[in-house]
Amino acid sequence: KSEFRGTFSFFEAEMDARAQSRRKIEIDLRGAIQNEGLRPHYQPLVDLTSGRITGFEALVRWPHPERGMISPGEFIPVAEETGLINPLGALMLRRACMDAAQWPDDVRVAVNLSPLQFRTGNLLALVTDALRQSGLPARRLELEITETLLLEKSSQVLATLHALRALGVRMSMDDFGTGYSSLSYLRSFPFDKIKIDQSFVRDLGANPDAQAIVRSIVSLGVGLGVTITAEGVETEAELSCLRAEGCHEGQGFLFSRARPNAEVISLLKAQRVATAA
Ligand code: C2E
Ligand code: MG
Ligand code: MG
Ligand code: MG
């Protein structure tokens, strides 16, 4: 009996510690959003035929004063539970558009949206304002959403997606293949881009089935007239396999990690030298 009670309080203590650490993240995150202590870093998207950078994905970075860089995997879920994802997402969208407006005119920026941002009802105004204030043309903005957004099959969500696309913004489906019925979602909305989840790319060398899956996603993309981007490209072997399958675009540590905006221009210059050579 006492043994049982011991186990019970162990779990209780564990849960308490976890709740406290989430609470601490929430408080610090609220402060960081207010002081603009969060910022985007940018990871290149590379055209696999020409080798040129077509754009950059904005990924939120949080340099925490005590803990160093905290990974989005740790604080995005907290931001989503607490509603802080709305001011966070607004901040990222504004900053990404402002930064990208200073890049060359043929370079796009991709921004991740959380499903919660579609529930507040002001997403369309947020995007319109970010474009207007930065002067970034809509065609240079890509918005990445995941399948979870389309799970609920809400007509309000679909209406917002169509309105965003009518602005001239491009829509991407992120982490393709990890949801429950990825294919049916492609029928409900005309995406401009599909991003193959990195779990499929990771398996390319080792698992022959992974190559068959990549091949069919690429042919799906060609059939639908949609750009296919592979996420998480880490090795030359993965790259040559993706090229062989006709995948259009790649993103991953092989090309570059996400870098601060100050390094974007030098990444673009380095590429210009490489393609000229
Ligand atoms: P995501 O949108 O699928 O972004 C790609 C993630 O893969 C990024 O992780 C990126 O750093 C990582 N990655 C890129 N290349 C490689 C590679 O070659 N190998 C490996 N192992 N990883 C690679 P990150 O920055 O930690 O972000 C994780 C997730 O957090 C993102 O996944 C996205 O879902 C979310 N996130 C990041 N920034 C934002 C944001 O501003 N708003 C929202 N709503 N979500 C965001
Ligand atoms: Mg993404
Ligand atoms: Mg992804
Ligand atoms: Mg992801």
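Indexing begins at 1, ligand by ligand and atom by atom, following the structure's order.
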Check if His41 has a non-hydrogen atom at a distance under 4.0 Å from any atom of ligand 1.
no
Minimum-distance atom from the Mg ion (ligand 3) among N, O or S atoms of Asp174
OD1
Could you confirm whether Glu144 has any N/O/S atom lying under 2.8 Å from the Mg ion (ligand 3)?
no
Any nitrogen or oxygen of Gln117 lying under 3.5 Å from a nitrogen or oxygen in ligand 1? Just yes or no.
no
From the Mg ion (ligand 2) out to just under 2.8 Å, does an N/O/S atom of Ser172 turn up?
no
Heteroatom test (N, O or S) for Glu57 near the Mg ion (ligand 2), limit 2.8 Å:
yes
Where does Val111 meet ligand 1, judged by heavy-atom distances below 4.0 Å: at the side chain, the backbone, both, or neither?
neither
Which one holds for Asp175 and ligand 1: side chain close, backbone close, both close, or neither close, with close meaning a heavy atom under 4.0 Å?
side chain
Is there a nitrogen or oxygen of Val60 sitting under 3.5 Å from a nitrogen or oxygen of ligand 1?
yes
Any heavy atom of Arg202 sitting closer than 4.0 Å to ligand 1?
yes
Shortest-distance N/O/S atom, Asp175 versus the Mg ion (ligand 3)
OD1
Counting each atom of ligand 1 from 1 as listed, which ones have a heavy atom of Glu234 under 4.0 Å away?
17 (C), 18 (O), 19 (N), 20 (C), 21 (N)
Region of Asn112 engaging ligand 1 - heavy atom pairs below 4.0 Å
both
